[in-house]
Structure formats: structure tokens, C-alpha cells
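Only heavy atoms go into these numbers, but all of them, side chains included; no hydrogens, no water, no symmetry mates. Counting from 1, the numbers follow the sequence of the chain as shown.
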Amino acid sequence: MKHNYLKATAVLAATTFSVISSETISSKNHISMKKYILTLASILFSLIFGVSLSAQEFFRIAAHDSSEESKKSADIVCTGEHDELTIQKVLDGSDWVDTMGNAAEPLKPSFDRALIPQPVFDAVPGYVELYWKAWEQAYAHVKWQKGLVQPLYMDEGLWDDTIWIWDSEFMVMFCKYAPKLFPGIQTLDNFYYTMLEDSGSSLRIQHPDNPPFFAWVENDYYKITGDRDHIRELLLDKKFLQRYWDLFPTLSPERKLQFDHYPIALKYKGIGYEWNGISSGMDNTPRTRAGKGMLWVDAISQQALSALYISRLAKVAGDGATAREFEKKWKELRRIVNKYYWDDSDGCYYDIVPTPSGETASVADVQASPSAWRTTGILTPASFWPMLAEIPSEAQARRMTEFALRPDKLGGEVPWVTVSRDDPDFDANDGWYWRGAMWLPTAYMGIKALEKYDFMEAADTTAEQVLSWMLRTWRDYEPHTIWECYSPTAPAPSSNHGKRVRPDFCGWSALGPISLFIENVLGFHDIDASSRTVRWDIRHDCRHGLNNLTFGDTTTDLLYDPAASTVTIRSNKPYCLILNGKSRRIRAGVTTISISI
């Protein structure tokens with residue numbers, strides 16, 4: 001029996017070696033199979049001969065910058081440093097197989113708090129508890145999937161065979177704080193390469209016409225990491241951000257892309273986009289009741305947001321021509337949004353629908369005349385996308401904030417509800433998904449929009465209200481977890497078609513316990529690795545701060561102690577700390593600052 005087993009194993013090993021030696025790694029989407037075969041070969045050889053040998057002892061591997069002669073004699077030719085790093089992980093061996101000799105989850109590092117910022121907040125220790133719970137749940141959504149450009153990726157917490165664009169974009173906004181542990185930015189490659197370079201995907205991209213704001217999250221990731229090479233690759237080498245900006249208006253219901261996806265709803269109409277609730281991400285939003293031909297304020301504003309940040313990132317990459325080109329595009333979209341989507345009676349942006357005259361007018365007349373359109377007056381957080389894109393004037397932004405955050409609108413004890421509380425479709429029972437529930441992605445977006453105009457009190461206050469509601473729900477409702485979305489009227493999850501929404505949703509719900517906690521409750525409003533600057537606004541009178549904060553090559557601890565009226569900073573590198581509006585030079589080592597709040 002043993003002889004037959006070894007003979008069969010030897011045959012399989014020989015077959016494996018034959019396969020691997022007959023091909024080269026020619027693109028990123030092929031590397032997963034190569035890694036698996038290499039690992040299997042090592043395991044089989046160990047089983048046959050009882051000797052632990054790595055695949056490196058069997059195969060000649062040529063680096064991407066090897067000579068042509070070396071590449072010709074190699075069994076495997078890498079096409080870039082990414083392939084070399086991935087193969088090295090295979091060759092390291094022990095991390096790639098479990099004790100039973102089966103393929104395990106390669107590349108997924110062990111959960112290690114030493115790789116994550118460590119908050120202190122004595123006034124409400126529950127915020128710290130919820131913070132760590134969010135990271136632990138997010139770690140459970142770090143998945144490995146063969147057949148992807150980036151096989152280690154962040155899963156949104158819904159279906160294992162599907163990825164969503166806007167979930168993945170928002171997840172970058174908390175993954176950025178622990179980039180060595182959470183592959184947030186890497187996940188975006190599974191959209192760039194699949195949608196723009198036809199690299200194939202073993203996962204379904206559910207909605208190709210999901211909200212397109214890659215450039216915004218790429219900018220935030222860059223500010224934390226200072227990874228200028230990544231920005232150059234995006235803007236100069238691959239031009240992914242520009243190409244995706246160009247792709248979005250070409251999507252239409254008639255178009256079928258080269259990968260598995262849900263039918264496209266988007267349709268470009270010159271001054272905006274027709275869309276639907278599902279593709280916009282706000283599935284059962286009551287906005288759709290406005291009527292046929294509605295143009296969605298979020299779609300055009302997200303394109304403006306992307307143009308704005310492509311322009312800014314192009315400056316980082318040293319591409320002045322692209323910076324000027326996309327600044328011009330942003331200005332034109334700003335003009336259109338202000339001309340058509342601003343309602344001066346309410347002081348707010350809304351979706352727009354054709355007027356009776358617009359329904360019968362020619363396309364050229366409709367696009368030329370604001371009178372052919374009217375605003376819908378249906379208030380949701382989508383109205384804040386123009387503010388995030390820096391479209392309104394300061395006066396417009398102030399009017400909109402005062403109007404939209406009233407307690408009978410999107411404000412109240414639980415702010416950032418997903419339709420105005422005085423709207424006839426607001427569900428006072430539990431918010432019924434996007435008919436009043438509080439969702440973390442739109443709450444986070446709205447809070448960041450407020451920050452653009454320095455409305456910090458409104459931003460910080462509503463952020464803590466959101467976090468407090470999540471904590472109260474976690475404590476009072478069983479099971480004690482973090483939910484997909486929250487009831488606007490009771491500390492409980494919302495529902496969708498009569499069923500409770502999904503638990504353990506970190507996923508983008510981690511934006512509350514992690515990002516809003518760090519940025520708006522602890523008060524770290526800006527962290528910029530490129531300028532070595534941290535802005536910390538202290539507004540709480542308890543002991544609080546953040547240890548092990550890493551940005552670029554700097555790691556620092558910052559702690560405010562009200563008993564001593566001091567801020568103590570430890571850092572491995574010098575940087576600039578803007579503390580309550582005053583710039584301080586922080587040296588490597590320990591710095592103590594006397595402060596009165």
C-alpha cells in the first residue's frame with residue numbers, strides 16, 4: 001500500500017514539475033496557480049523522500065531584471081518585483097502549508113496589535129474595546145483567493161465569491177492605519193487590472209458602475225504611508241486613475257464587460273448620469289420615486305471628486321500636464337453641479353428630474369437650459385458628495401450644513417440617517433436599510449465633507465454621536481457585534497425586507513470604531529507623511545491619545561494627561577505637530593509640552 005502511495009505521489013510530482021517547467025509567469029493573474037504548484041511540489045517531494053526541501057532547490061527562477069540569457073535558461077521568469085516577492089513567500093515554505101500538509105492561506109500575516117495604532121480614551125473605555133473588536137472582525141475578512149491579481153484582499157463581509165467597488169474603496173479608509181496587516185489598497189488592484197487590463201478575476205465584480213472615487217482613497221492612503229512610488233505607478237506608469245475616470249461615462253445598460261457582473265444601470269446624459277439605487281450603493285433609497293430620467297447628484301459629484309484628487313496626485317507624481325488637465329475637468333463639473341443641482345430655496349444639492357418642458361425638449365436644449373430641470377427635494381447623505389468634492393462656496397456649504405443637519409432632517413441623536421426624518425418614506429421603525437438607517441460609509445463621507453470647510457464642531461460632534469450609538473448597540477443588543485447598518489430610533493441593527501441586517505460587518509462599518517474614533521474623537525484630524533506633519537486638536541478633558549501611530553517611516557506615541565496639563569510625545573523621527581492650532585517641532589526621543597485646554 002505504501003509503495004503504491006509513493007508511486008502515485010511520484011507520478012503527481014513529476015506531472016507538477018512538468019507543468020511548472022513548461023510555462024512562465026507572464027502576468028499577475030497567473031501567479032496564484034504557480035504559487036500553489038510550487039508549494040505542492042515541495043510537499044510532494046517531502047512525502048516521497050522524507051526530506052524537507054524547498055521548491056527553490058528544484059527550479060531556476062529569473063528576476064524581472066535578469067539578463068536575457070538567464071531568462072532563457074530559467075524555469076520561471078518574473079515580470080516584476082511583485083512576482084519576485086510573492087515567489088519568495090512560496091520558497092520560505094513554513095508559512096504556506098499547515099501541519100497536515102495542505103495549502104493554507106499564504107501571505108496572511110498573524111494578527112498583531114504591534115502593527116496597529118493603540119488608542120487611549122479614559123472617559124469612555126468602551127470606545128477602545130469597540131476599536132479592537134472592529135480590527136479583529138476586519139482581520140476575519142482578510143481573505144485569500146486564487147485567480148486574483150491581488151490574491152490577499154479585503155472581503156466586504158457579504159459573499160465570498162463577489163467584490164464590490166465602493167465597499168473596497170471605503171475599507172481603505174481604515175486599513176490605511178495598519179497597512180502592513182490589512183491589504184486595503186492592494187484590494188483595489190483587483191478592480192484596476194480586471195476592469196482596465198482584462199487580467200481576469202476569480203471573483204465577480206458585482207457592480208462595475210458602483211461609485212467611482214478611487215482617487216480620493218488613494219490620496220488618503222498616500223498621506224499615511226508616503227508611498228510616492230505607488231502614486232507614480234498609478235498616475236504615470238499604468239494611468240489607472242485617469243483611465244477609470246474615462247471609463248465611467250462609457251458604462252451603459254447595453255454594455256457587457258469581459259468579467260462576470262450585474263447588469264449596468266449607469267447612463268451618461270451630458271450633464272449627469274441616470275443610475276439606480278443598487279448600482280449607486282443605496283439599494284432601496286426613496287430617491288427613485290422622483291420619476292423617470294432622474295440624474296443622480298452623487299454620480300457626477302463623485303466624478304468631480306476623482307478629477308480633483310487626480311489633479312492633486314498628479315502634482316505629487318510630478319506630472320504637471322495631467323494636474324492641469326484634471327483641474328480643468330473638475331472646474332467644469334463644479335460649474336455643472338452648481339448650475340443644475342443646487343436648490344437655492346433650501347440651500348442644498350439634490351438629484352434633478354426633467355420638467356414637463358424638458359421632457360419634450362431636444363437633448364441640446366435640455367443640456368443648455370436649467371429650466372428644463374428641477375431639483376427633487378429628497379434629502380439624503382448623497383447631497384454631501386458635492387461638498388466632499390469642494391463644489392460649493394463656503395457660504396453655500398454653511399447654508400447646506402445648517403439645513404441638512406437639523407434634527408428633523410439628517411441630524412438628531414442618531415445623525416447621518418439615510419433619508420430625511422421628515423420624508424414620507426423615512427422608516428421610523430428601524431430605518432429599513434436605506435430608508436432611514438444609519439450607514440457608516442455615508443456617515444463617514446458626510447463628516448469628511450464637513451471637514452473640507454473647517455466645520456469641525458459639526459464633524460466631531462456627529463462623529464462621536466455615531467460612535468456612541470454603535471457602542472450602545474454593541475452593549476445593549478444581542479448578539480454583541482458590529483452591524484451592517486443601524487436603526488435610527490433604537491440601539492439595534494436595521495433590517496432589509498423584514499430580516500435583520502448582517503452582523504460582524506467590518507467591512508466598512510469599521511469606519512466608525514477605527515477611523516472616526518482616531519480622527520474625530522481622539523482628534524487626529526490630519527496625518528501627512530509627505531510633510532511629516534500631524535494635526536491634533538484636543539477637545540476632551542480626559543487622558544487620551546494614540547500610541548504606535550505610524551506614518552511613513554515615523555512611529556510616535558502621543559498622550560494628553562489633564563492631571564499634569566501635559567502632552568507627552570515619543571517618536572523615532574522628528575516631525576511637526578500642530579497642537580490645537582500651534583506648530584511644534586517634535587524631536588526624535590521624548591518631548592513634553594505644557595498645555596491648558
Side-chain angles (χ1 to χ4, degrees), residues 130 133-134 137-138 141 156-159 164 166-167 170-171 174 206-207 210-211 276-289 298 378-384 404-405 407-447 462-516:
L130 195 62
K133 177 61 68 174
Q137 290 190 3
H141 294 300
E156 79 296 324
L158 183 56
W159 300 332
W164 275 259
W166 88 315
D167 292 67
F170 274 118
M171 286 189 288
F174 69 83
Q206 183 73 347
H207 299 293
N210 249 179
N276 66 15
I278 291 176
S279 289
S280 77
M282 301 175 71
D283 299 31
N284 66 329
T285 179
R287 297 161 64 188
T288 56
R289 74 168 188 259
D298 34 359
I378 301 173
L379 178 62
T380 75
S383 293
F384 279 83
L405 292 184
D408 62 331
K409 300 295 183 182
L410 303 182
E413 181 185 9
V414 184
W416 301 111
V417 293
T418 43
V419 66
S420 181
R421 292 178 185 274
D422 62 0
D423 189 278
D425 283 316
F426 176 79
D427 185 281
N429 181 36
D430 66 6
W432 184 21
Y433 225 46
W434 291 95
R435 298 203 171 196
M438 188 273 289
W439 287 75
L440 269 301
T442 45
Y444 184 81
M445 177 276 296
I447 290 164
T462 58
E464 188 159 4
Q465 287 175 306
V466 166
L467 183 57
S468 177
W469 196 246
M470 294 182 75
L471 177 61
R472 185 176 168 188
T473 304
W474 182 54
R475 286 176 168 169
D476 294 355
Y477 190 91
E478 292 185 4
H480 305 294
T481 189
I482 296 170
W483 296 92
E484 183 181 13
C485 57
Y486 289 78
S487 165
T489 54
S494 183
S495 67
N496 185 21
H497 296 294
K499 295 182 180 180
R500 189 174 64 186
V501 297
R502 296 168 183 84
D504 306 337
F505 209 80
C506 294
W508 59 20
S509 289
L511 286 166
I514 297 172
S515 302
L516 292 181

Step-by-step side chain to side chain contact (heavy atoms under 4.5 Å, CB included) determination, Thr442 to Trp416: CA-CA 7 Å; Thr442 45; Trp416 301 111; 5.9 Å; no

Pair listing, salt bridge (Lys or Arg N to Asp or Glu O under 4.0 Å) test, anchored in residues 485-504, at least two apart: Glu484-Arg502

Phe174-Trp508 aromatic ring centre distance below 6.0 Å: no

Audit row: Thr473, Trp469, side chain to side chain contact (heavy atoms under 4.5 Å, CB included) steps and yes/no: CA-CA 6 Å; Thr473 304; Trp469 196 246; 4.3 Å; yes

For Pro513 against Ala134, the heavy-atom pair lying closest together: CB-CB, 3.7 Å

Separation between CG of Asp423 and CZ of Arg287, rounded to the nearest 0.5 Å: 12.0 Å

CE on Met438 to OG1 on Thr489, rounded to 0.5 Å: 12.0 Å

Trp166 to Pro211 - nearest heavy-atom pair and separation: CE3-CG, 3.6 Å

Atom pair CG (Leu471) and CZ (Arg475), whose distance is rounded to the nearest 0.5 Å: 4.0 Å

Donor-acceptor contact present, side-chain His480 to main-chain Trp474, <3.5 Å: yes

Atom pair SG (Cys506) and CG (Leu130), whose distance is rounded to the nearest 0.5 Å: 8.0 Å

Candidate list Val419, Thr462, Leu379, test side chain to side chain contact (heavy atoms under 4.5 Å, CB included), partner Leu410, passing option: Leu379

Spatial distance of atom CG (Asn210) from atom CD1 (Ile278) [nearest 0.5 Å]: 11.0 Å

Closest approach of Ser487 to Asn429 (non-hydrogen atoms, all atoms of both residues): OG-O, 3.9 Å

Distance flag, aromatic centroids of Trp439 and Phe170, threshold under 6.0 Å: no

Sequence neighbours excluded, every pair satisfying salt bridge (Lys or Arg N to Asp or Glu O under 4.0 Å) that has a member inside residues 428-438: Asp425-Arg435

Stepwise side chain to side chain contact (heavy atoms under 4.5 Å, CB included) test for Val414 and Arg421: CA-CA 11 Å; Val414 184; Arg421 292 178 185 274; 3.8 Å; yes

Interatomic spacing from CG in Leu467 to CD in Glu464 - rounded to 0.5 Å: 7.0 Å

